[in-house]
Number of protein chains: 4
Amino acid sequence: MSTLANVNLADFYRDLHEHPELSRQEHRTAGKAAEALASLGYEVTTGVGGTGVVALLRNGDGPTVMLRADMDALPIEEQTGLSYTSKVPGVMHACGHDMHVACLVGAAGKLLADKDSWAGTLMLVCQPAEETTEGARAMVADGLFERFGKPDIVLGQHVCPLPAGMIGYGTGPVMAGTDSVRVTLHGRGGHGSRPETTVDPVLMAANVVVRLQGIVAREVPPAETAVVTVGKLHAGTKDNIIPETAELDINMRTYTRQTRDLVHAAIERIVRAEAAASGAPKDPEFDWHDSAPVLVSDPGGTTRTVEAFTGRFGADKVMVMPVVTGSEDIGIFGDAAGVPTVFWFWGGLEFDVVVKAIQEGGVEALPSNHSPVFAPLVEPTLSTGVDALHVAALTWLGRPS
Amino acid sequence: MSTLANVNLADFYRDLHEHPELSRQEHRTAGKAAEALASLGYEVTTGVGGTGVVALLRNGDGPTVMLRADMDALPIEEQTGLSYTSKVPGVMHACGHDMHVACLVGAAGKLLADKDSWAGTLMLVCQPAEETTEGARAMVADGLFERFGKPDIVLGQHVCPLPAGMIGYGTGPVMAGTDSVRVTLHGRGGHGSRPETTVDPVLMAANVVVRLQGIVAREVPPAETAVVTVGKLHAGTKDNIIPETAELDINMRTYTRQTRDLVHAAIERIVRAEAAASGAPKDPEFDWHDSAPVLVSDPGGTTRTVEAFTGRFGADKVMVMPVVTGSEDIGIFGDAAGVPTVFWFWGGLEFDVVVKAIQEGGVEALPSNHSPVFAPLVEPTLSTGVDALHVAALTWLGRPS
Amino acid sequence: MSTLANVNLADFYRDLHEHPELSRQEHRTAGKAAEALASLGYEVTTGVGGTGVVALLRNGDGPTVMLRADMDALPIEEQTGLSYTSKVPGVMHACGHDMHVACLVGAAGKLLADKDSWAGTLMLVCQPAEETTEGARAMVADGLFERFGKPDIVLGQHVCPLPAGMIGYGTGPVMAGTDSVRVTLHGRGGHGSRPETTVDPVLMAANVVVRLQGIVAREVPPAETAVVTVGKLHAGTKDNIIPETAELDINMRTYTRQTRDLVHAAIERIVRAEAAASGAPKDPEFDWHDSAPVLVSDPGGTTRTVEAFTGRFGADKVMVMPVVTGSEDIGIFGDAAGVPTVFWFWGGLEFDVVVKAIQEGGVEALPSNHSPVFAPLVEPTLSTGVDALHVAALTWLGRPS
Amino acid sequence: MSTLANVNLADFYRDLHEHPELSRQEHRTAGKAAEALASLGYEVTTGVGGTGVVALLRNGDGPTVMLRADMDALPIEEQTGLSYTSKVPGVMHACGHDMHVACLVGAAGKLLADKDSWAGTLMLVCQPAEETTEGARAMVADGLFERFGKPDIVLGQHVCPLPAGMIGYGTGPVMAGTDSVRVTLHGRGGHGSRPETTVDPVLMAANVVVRLQGIVAREVPPAETAVVTVGKLHAGTKDNIIPETAELDINMRTYTRQTRDLVHAAIERIVRAEAAASGAPKDPEFDWHDSAPVLVSDPGGTTRTVEAFTGRFGADKVMVMPVVTGSEDIGIFGDAAGVPTVFWFWGGLEFDVVVKAIQEGGVEALPSNHSPVFAPLVEPTLSTGVDALHVAALTWLGRPS
């Protein structure tokens, strides 16, 4: 497939980067990926769970290995100044999902090329709407595993601000579970000078925010990691009018199912109780949305995969990474299929840039994911991402009999 | 009755002052009062509602007028340096109830002396335990009105830091209603380093205190007067042990039945809700005690009585007073009998002392009730108090036919 | 002046009602008032403090009496269904200032008609922007008293939901002082999963709101009236982004200068301290705006004026009113001139409507000021308002020598 | 040394157990230890930092290895029912320090016996007052290292509710740092009905408690472990008296110096700011006491020591333990000398007891340290503790040249 020689994979990547699409609108991206995978000879289905793409390569008896890439971009105005900068105003591939898709297509070609060396089934998945944590769930709900079979393992990767050529990994929890809730508190409005005729939702909301601090401070075991953030609190329109309602947008991050359940329940318990303390005329409402479970990179699976990475890239290119507070929804695939997920990170920055950032401003100064200047090097990032998927897949596929 | 000539009434007063008795232990005081009233010819009953005394003088057809004095002293070490200072260590007539009893006895004599000028029934009541707001309720519960008849009006007075010779009055609410409650919050104790195994009652109690502020700030109409004070908060024994419980002693002051009910309900609502917010393993407990209703000096009755005072003492000796935040239980008599209560204050301080205090330190610098140096002048305080009761009683008694 | 016969005054009123103008835009209203007053022979100046009008009638030696009416309407869509309903979409005379202007013009005619019976100077003032508490201050700042002389008294009135024909009054504080402040709290923003890199302004704001409750609950004397309302609290845009700032719009109502100062200082003290408690990187900002002092109707002046009302309307038409929690800026005139202000209310509703409202839904069910169905009866409201200004003015003008 | 044959070491242990002494009163215990060590030929000094004992054995050129045992007992009434139960009412060796001393003496004998196999200096330290975290600091302050030389490593151990024969260890932080502070908040007292004359310290304290929750919830990095507990809050005496002060006893637990400094500073910042928010008439007071740093078992040193344990006891007898929330002051020695500390735990319970507890009630049901029924088996606990010190010491001592 000449169109997928490495030199052209870079063009494929740059084209995706120029045409970013927001979550659930990844029509062009999905089309390009489907076209490339089909041209390679993969059995391609589109429109799975919205714009999702599934590409199968059946290569004799053996395990089924799922490789997943996510496709969506972000509502950010690109400021990289790259020659292949976004052509869509206000939308940008600031999280590197274009790189994920390109590497998946590259790995698809590479695994096809040496298909004599392995046996089993490759199941490549391009997922929509990772940023809103909707896409994995949507594909599962659309019958992904019933229609295309269950894999024995789910593999995925994320480009990040490590030096290009480096692989980072964790065993066990690697990214936080996240849950978002919009809480609507109901008071009773009135004139600001007559509070006695009202139930003040501003005071109710303030007490909720104050009270929520006790969850992390007193209820979560001190050695557990959890965050409860009220990122938005809106109530009222004018200083002397007591409003009817207050709205809080709350995000929680946890690293175990048990802590997640504890925090989830505590938020609802506290909000309800504070509404009761205010004598609210109506129960508060909870709109839970945008949930992703903690991403657990299966310990055994990760160890085995990392050994393969070490063999391919050298021990000096593979490093342990601390838990990341961001979230990912790839775990939903493994959970739904009842199989392990293995997930790793790989770097996209110039080594010197990383060193300079550490020396001068700390790693926080690096152009990180979700930044308007996030711009991974095309190479060696692309090759490393292709190779990582390739070696990881081979680790879990069977050998030809 | 030579024993009750004015010169001797002063001795009677000084004797009471030397022998103060705490609430519900007013045996000697009650005995002295009973003895004096009986010697005058009143029909005396003792032991009503504990140590209470009732003395009747039936003088033909006409209204029944009840005059009430309270008898108990306070657990305060007297520091007046008076020649007739308290002989009981740690106990003192610091609220002037000795003066009240003496004036009642003086008025009994004076009303007897001119009994040709009026008709009806005098019902003199010496009440125990006003300081703990128990005495009036106890006498009513002991059948006061069933056994001795219902009065047509209840009259009472209190000595205060006005200049001696002055009368102060209010129409309507004159003293606050008071209610006290001990709240016990139940958490779950444990080691200070393992809060997740506990339900922290210290945090629960703190949130209760903070939340209670909203009652006066947002729930009570701004023009209404109310106070909610957490005077005592005790929880725990050591910095690194999370205790099982927390105890709050709360006092509320209100001036209408409606506000009282509102505040009472709001306290319970908030405490219960905060316990729920903490996930308390057990409901909080409320021990309501020491309650006295707002003292309403009947407006019509007060106006009529004050006109009589003005006639007797001169308009320059009678003044309107603002509402007093202290409490009194005399209102329980009027409420129970379904008749008006009229209540007034009269002064016991030297005029110059009052003027000096106002000039130098504000009225708060005056030796006030409940102070260890509270020391009303014997005269003209005694004569004024006797005269006030005399003229007030005559106002409400009938005329001989 | 036939144009100001009562029948025509009603037309004058209806015309104003049909053409409401928002604060500081009262050009047509001011023009109509100026025209009418000039046609009567008053010495008229327009454009004082914006759209303000001053009309003088010098009538020999004697006191100067200022009568004031306000002119502005409200941004409310009228729903009265009256034949003379507002012709300006979204703007309505919902507070009766049209009635105030019409009565001032009516009184101007009436006082002119019997100018032989009094001596002194009439100073009629039509004020802009009462609703935003800007107009009185603007006229004073524009040299009102320097240019037109200082009055000996300032008189004003407000139509309200009493039965038409009734006068209501208070002595001393009659309407609240109001002060508004926008508080901007500065935190440090960041990702919702990394609170340790931020200073959370949402938590800071919540603690401010909670803490402010202590001002009314613990710092203002219980018998004083005060309100602190946080009517608006806006912070953040999304659940998982910790914002940089939070904005609170706070309104306070007080009834004495001393309490105003106390509450003002307490708000700033608490906000600053809570910012410090959070470790805020920058001091909070306070933008105080929209202030009106407590409106004190001079006690002596009110008593004298009310006696005159009683003589004119009968004792059964004059009643004491409780303090109103709304605010007025007329007091700024008296304060600036150093003379008493006397202010009263008069009714505009059918007697039966008021009775029915009391019986069925409480007075709160009445179509009150600022309601889209506020519609005072033209008569006897207009005549009563004219008469009240007339008799009040005569009370304070001199007698011809 | 027949007195220290194993059979007699058990008697030595039982004697210590029968005669427990509270912190800083370890006179008998220190005497017994000194006597035993001197009888072995060690160069013994007593009275170091109070009741501390230092015993030296110089055995040629080589490293100096310090072995430390703590000596104090607890104010707990023993309920073990052992034949050698405490003879001191209300005092008990409930934390196993008697076992620590006995094992040190046993290891002293064993290391002496095979002194041909090693070279260097043994420095045995019996420390007072570990329970109050005063003893290590006192010995250092008394010139421990100036007078007796600096060791190259500090070794220590603690008996715990693992099965007897087991060793438990951690690398890096193994026990929390602890700091205690008594905070006195100054308000202004007064009558409960007149809050405006006061600065309410109960409300101030409540706001402090509520506000402190934000430290762990928002300021400490989520992946760090920290606890802030207000274990005691006492204010006031009666519901209707607003007190002058409130007292909070706060304990904090942290695992890094950086977090410790952050939490320490945040507590003071918040307390001061809340006092300012209340308008406190006087600054709050902080009495910091009872501090122990986080105990870090040097990672390299621990790994090397644990390898030696594995060689001696077998890999199945050596296990990793999670971080313990309790605290220890042994780290003060290593910190003061600028050398690594290596610390481990060893078990004292019957294997079946542990299994049963896990099956029936969780490990929390085990008779743990500080329990009145804490009773480690004499054997094999004693032998294992002696052997562990012996093998650990040999790991760090030199070889004879």
Side-chain angles (χ1 to χ4, degrees), chain A residues 175-176 178-183 189-198 200-213 216 225-243 246-254 289-290 324-327 364 368 370, chain C residues 175-176 178-183 189-198 200-213 216 225-243 246-254 289-290 324-327 364 368 370:
Chain A
M175 296 186 80
T178 182
D179 293 272
S180 298
V181 62
R182 166 159 298 186
V183 173
H191 196 276
S193 69
R194 302 195 53 205
E196 77 279 16
T197 66
T198 75
D200 184 354
V202 179
L203 182 56
M204 198 190 306
N207 277 295
V208 165
V209 174
V210 167
R211 255 296 199 175
L212 289 174
Q213 309 310 312
V216 171
T225 299
V227 183
V228 177
T229 286
V230 182
K232 182 177 170 186
L233 168 45
H234 277 212
T237 57
K238 199 171 177 320
D239 68 291
N240 65 354
I241 301 174
I242 298 171
E247 226 174 61
L248 295 90
D249 285 356
I250 307 175
N251 180 259
M252 52 177 272
R253 304 266 160 161
T254 53
H289 58 93
D290 285 5
V324 174
T325 52
S327 295
E364 291 169 19
S368 178
H370 289 218
Chain C
M175 297 185 80
T178 182
D179 293 271
S180 299
V181 63
R182 166 159 298 185
V183 173
H191 196 278
S193 68
R194 301 194 53 205
E196 77 278 16
T197 67
T198 74
D200 184 353
V202 180
L203 181 55
M204 197 190 305
N207 276 294
V208 165
V209 174
V210 167
R211 255 296 199 173
L212 289 174
Q213 309 311 312
V216 170
T225 299
V227 183
V228 176
T229 286
V230 181
K232 181 178 170 185
L233 167 45
H234 278 211
T237 57
K238 200 172 175 320
D239 67 291
N240 64 354
I241 302 174
I242 298 171
E247 225 173 63
L248 295 91
D249 283 358
I250 306 174
N251 181 259
M252 53 178 270
R253 305 267 161 160
T254 52
H289 59 93
D290 285 4
V324 175
T325 52
S327 295
E364 292 169 19
S368 179
H370 290 217

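Chain letters run A, B, ... following the sequence lines, proteins first, then strands; residues in each count from 1.
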Testing the basics here: between [X] and [Y], what is the closest heavy-atom pair and its distance to 0.1 Å?
X	Y	value
V202(C)	G231(A)	CG2-O, 4.3 Å
T229(A)	G192(C)	OG1-O, 2.6 Å
S180(C)	D239(A)	OG-OD2, 2.7 Å
H234(A)	G236(C)	NE2-O, 3.0 Å

So what's closer than 4.5 Å to chain A heavy atoms on [X]: side chain, backbone, both or neither?
X	value
T237(C)	backbone
A176(C)	neither
H191(C)	side chain

- Query: Do L203(A) and V209(C) come close enough that some side-chain heavy atom pair is under 4.5 Å?
  - Reply: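 With C-beta onward as the side chain, the pair touches.
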- Query: Which bit of I241(A) comes within less than 4.5 Å of chain C, counting heavy atoms only: side chain, backbone, both or neither?
  - Reply: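 Looking at I241(A), just its backbone touches chain C.
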- Heavy-atom proximity to chain C below 4.5 Å, by part of Q213(A):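 For Q213(A), the contact with chain C is made by the side chain alone.
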- Go through L212(A), L233(A), V227(A) and name the one with the most non-hydrogen pairs under 4.5 angstrom from chain C.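 Highest number of pairs under 4.5 Å: L233(A).
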- Between K238(C), M252(C), K232(C), which shows the greatest number of heavy-atom pairs under 4.5 Å with chain A?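 With the most close heavy-atom pairs to chain A, the winner is K232(C).
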- Top contributor to chain A interface from T178(C), N207(C), V181(C) [non-hydrogen pairs under 4.5 Å]: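 When all of T178(C), N207(C), V181(C) are compared, N207(C) has the most.
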- Gap separating the CG atom of N240(A) from the CD1 atom of I250(C), nearest 0.5 angstrom: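 Those atoms lie 13.0 Å apart.
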